[in-house]
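Residue numbers begin at 1 in each chain, while the letters A, B, ... track the order of the sequences.
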Amino acid sequence: MLGLNFASGFHRPAALSAASVEKPHALQSHGPMTSQASLPEPFTPPTPEAGSRIWALRGARAAVSIPGFILVAAFIGYAGLARESGLTLTETLLMSALVWALPSIVVLTGAMASGVGLVPASIAVALASVRLMPMTMALVPILRVEGRTKRWHLLFASHFVAITAWVFAMRNLPDLPRPARLPFFLGFACTLTSSVSIITGISYVLVEETPPMVAGGLFLLTPVYFLCSLWTAARLSVDKAAMIVGLGLGPVFALVAPEMDLLLTGIVGGCLAYGGTKLARHLGWGREP
Amino acid sequence: MSADVIADFWPYVMIVVAGWLATDIWRWLGVLAAGRMREDSELLVFVRAIATALVAGVISKLILFPSGALEATPMGLRIAAAATGFVAFLILRQQVILGVIAAEFVLIGGWLLIGA
């Protein structure tokens with residue numbers, strides 16, 4: 001499996017042995033605000049590679065989970081849309097694996113179905129995908145081992161950044177020892193992408209016609225799952241404020257500036273949440289947990 | 001190349017250029033922009049606020065302006081379903097699966113009542 005090869009990129013003497021890591025690292029369970037990045041890892045494993053491999057397998061196992069099932073269900077819903085839009089099986093599979101971000105996939109499917117040209121389609125998809133940049137920026141410092149992780153490993157891993165994997169990673173990776181995070185993430189993400197792609201293909205072939213109510217139920221799974229899990233991934237009150245502001249601003253900008261809406265939602269919402277939380281703390285309303 | 005060959009390959013060009021490159025470019029830029037930013041830096045808190053607001057914007061758009069079969073349902077029903085799901089999630093010890101089940105229950109129940 002791909003994850004295993006990339007996982008062995010750590011030449012870190014202090015990766016963890018399987019036995020010593022049953023519990024999350026106590027020092028690292030407080031999220032991004034603690035400055036534990038430079039602390040030495042107190043464990044000595046037999047070999048770093050074995051540690052990475054075990055973490056990749058654990059990540060793969062973690063993919064068989066509620067977020068995994070919900071994403072699979074959402075893609076079963078997408079397979080129906082792709083079929084109705086006239087995409088072939090190969091195109092559907094290639095798009096799922098290469099784009100790997102459901103909202104962007106839906107935009108591209110719409111563009112291809114309506115016969116839009118290459119340039120306008122690229123612009124539409126690129127605008128719908130801007131969110132991936134701040135998401136990746138926020139994930140990378142959690143994912144890497146400072147000074148040890150190779151940049152091309154991160155570039156490869158970044159392909160799997162999409163809402164499901166991102167929310168999962170932001171919530172769970174900070175509780176893992178640092179050298180375990182990239183292998184765990186790759187194990188999780190590769191398993192998720194390959195199983196989702198396979199099931200999308202199977203449902204494209206098998207499901208002739210999805211009853212509207214089933215399709216509708218499948219389409220609702222994604223936003224509700226994102227809503228709940230984004231809240232669990234929010235570690236600070238800034239994150240929660242950003243989520244609430246973003247929920248409100250998203251539809252407003254979608255109506256006012258449909259081309260740039262998500263970008264504006266992110267920048268305006270992020271500034272409001274960040275500035276507002278700073279101001280509230282300055283005025284002494286509530287404290288950081 | 002004949003026009004037929006181009007027509008055969010065109011969807012793949014669309015997927016690679018307008019799909020793969022148009023999305024992965026942002027992920028690669030994210031890796032490069034992360035530079036030496038540390039996990040505990042104040043800048044990262046700000047970037048995460050932007051990313052979180054963006055994702056939240058995607059969520060509310062998926063609920064308010066959906067594509068596919070959900071388009072047929074009234075907006076009020078979708079909002080009620082999602083809100084019920086989130087409240088159930090908060091009340092029931094933040095179990096994501098319970099929130100999802102509650103939302104589906106309201107959506108399908110409401111859909112059957114309307115008789116759409």
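Taking OG1 of T23(B) as the reference point, atom CD1 of I105(A) lies at 8.5 Å (rounded to 0.5 Å). With rounding to the nearest 0.5 angstrom, the CG atom of L62(B) is 9.5 Å from the CZ atom of F219(A). Remark: I50(B) CD1 to M135(A) CE distance equals 13.5 Å, nearest 0.5 Å. Between the OG atom in S129(A) and the CD1 atom in I25(B) there is a gap of 11.5 Å [rounded to 0.5 Å]. The CE atom of M213(A) lies 4.5 Å from the CG atom of L112(B); values are rounded to the nearest 0.5 Å. With values rounded to the nearest 0.5 angstrom, L108(A) atom CG is found 6.0 Å from M14(B) atom CE.
The candidate from I123(A), L132(A), V224(A) with the greatest count of non-hydrogen atom pairs under 4.5 Å with chain B is L132(A). Taking A53(B), G19(B), G57(B) one by one and counting their heavy-atom pairs under 4.5 Å with chain A, the maximum is reached by A53(B). Per-residue heavy-atom pair counts under 4.5 Å with chain A were compared for A33(B), P66(B), G85(B), A102(B), and the maximum is reached by A33(B). Counting heavy-atom pairs closer than 4.5 Å to chain B, the top-ranked of the candidates V268(A), L81(A), L230(A), L154(A) is L230(A). The residue among L218(A), L118(A), T265(A), V161(A) with the most heavy atom pairs within less than 4.5 Å of chain B is L118(A). Of the listed residues I267(A), I163(A), D239(A), the one with more heavy-atom pairs under 4.5 angstrom with chain B than any other is D239(A). No other option in A215(A), G110(A), G217(A) has as many heavy-atom pairs under 4.5 Å with chain B as G217(A). Ranked by non-hydrogen atom pairs under 4.5 Å with chain B, the options S158(A), G250(A), S229(A), G269(A) are led by S158(A).
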| task | Mind running side-chain contact (heavy atoms from CB on, under 4.5 Å) on T232(A) and F89(B) for me, showing each step along the way? | result | CA-CA 10 Å; T232(A) 15; F89(B) 156 79; 4.2 Å; yes

| task | With side-chain contact (heavy atoms from CB on, under 4.5 Å) as the test, would you mind laying out the steps for I15(B) and M112(A) before giving the verdict? | result | CA-CA 9 Å; I15(B) 290 168; M112(A) 287 177 70; 4.1 Å; yes

| Where do T52(B) and M170(A) land on the side-chain contact (heavy atoms from CB on, under 4.5 Å) test, with the steps shown first? | CA-CA 11 Å; T52(B) 305; M170(A) 296 300 282; over 6 Å; no

| request: Apply side-chain contact (heavy atoms from CB on, under 4.5 Å) to L94(A) and W20(B), showing your working. | output: CA-CA 9 Å; L94(A) 201 63; W20(B) 182 42; over 6 Å; no

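Only the side chain of L64(B) comes within contact range of chain A, judged by heavy atoms closer than 4.5 Å. Neither the backbone nor the side chain of L102(A) has a heavy atom closer than 4.5 Å to any heavy atom of chain B. Looking at F65(B), the atoms closer than 4.5 Å to chain A (heavy atoms on both sides) all sit in the side chain, from C-beta outward. Heavy atoms of L155(A) lying under 4.5 Å from chain B belong to its backbone as well as its side chain. Proximity to chain A involves both the backbone and the side chain of P11(B), based on heavy atoms less than 4.5 angstrom apart. In this structure, chain B has a heavy atom under 4.5 Å from the side chain of I70(A), while its backbone stays farther away. Heavy-atom distances place the side chain of L90(B), and not its backbone, under 4.5 Å from chain A. The contact between P251(A) and chain B is made by backbone and side chain atoms together, counting heavy-atom distances below 4.5 Å. Only the side chain of L107(B) comes within less than 4.5 Å of a heavy atom of chain A; its backbone N, CA, C and O stay farther away.
Considering every non-hydrogen atom in both C228(A) and G99(B), the closest pair reads SG-CA, 4.4 Å. Nearest heavy-atom pair, V125(A) versus A22(B), reported as atom, atom and distance to 0.1 Å: CG1-CB, 3.9 Å. Smallest separation of non-hydrogen atoms from V238(A) and A49(B): CG1-CB, 3.9 Å. The minimum heavy-atom distance linking A51(B) with W166(A) is given by the pair CB-CZ2, 3.9 Å. The two residues L54(B) and P134(A) have their closest heavy-atom pair at CD1-CG, 3.5 Å. Minimum heavy-atom separation, L220(A) to A81(B): CD2-CB, 4.0 Å.
In terms of modelled atom types and a separation under 3.5 Å, the side chain of W26(B) and the main chain of A126(A) share a donor-acceptor contact. A donor-acceptor pair under 3.5 Å is formed between the side chain of R27(B) and the backbone N or O of H159(A).
In this structure the side chain of M37(B) never reaches within 4.5 angstrom of the side chain of V140(A), judged on heavy atoms.
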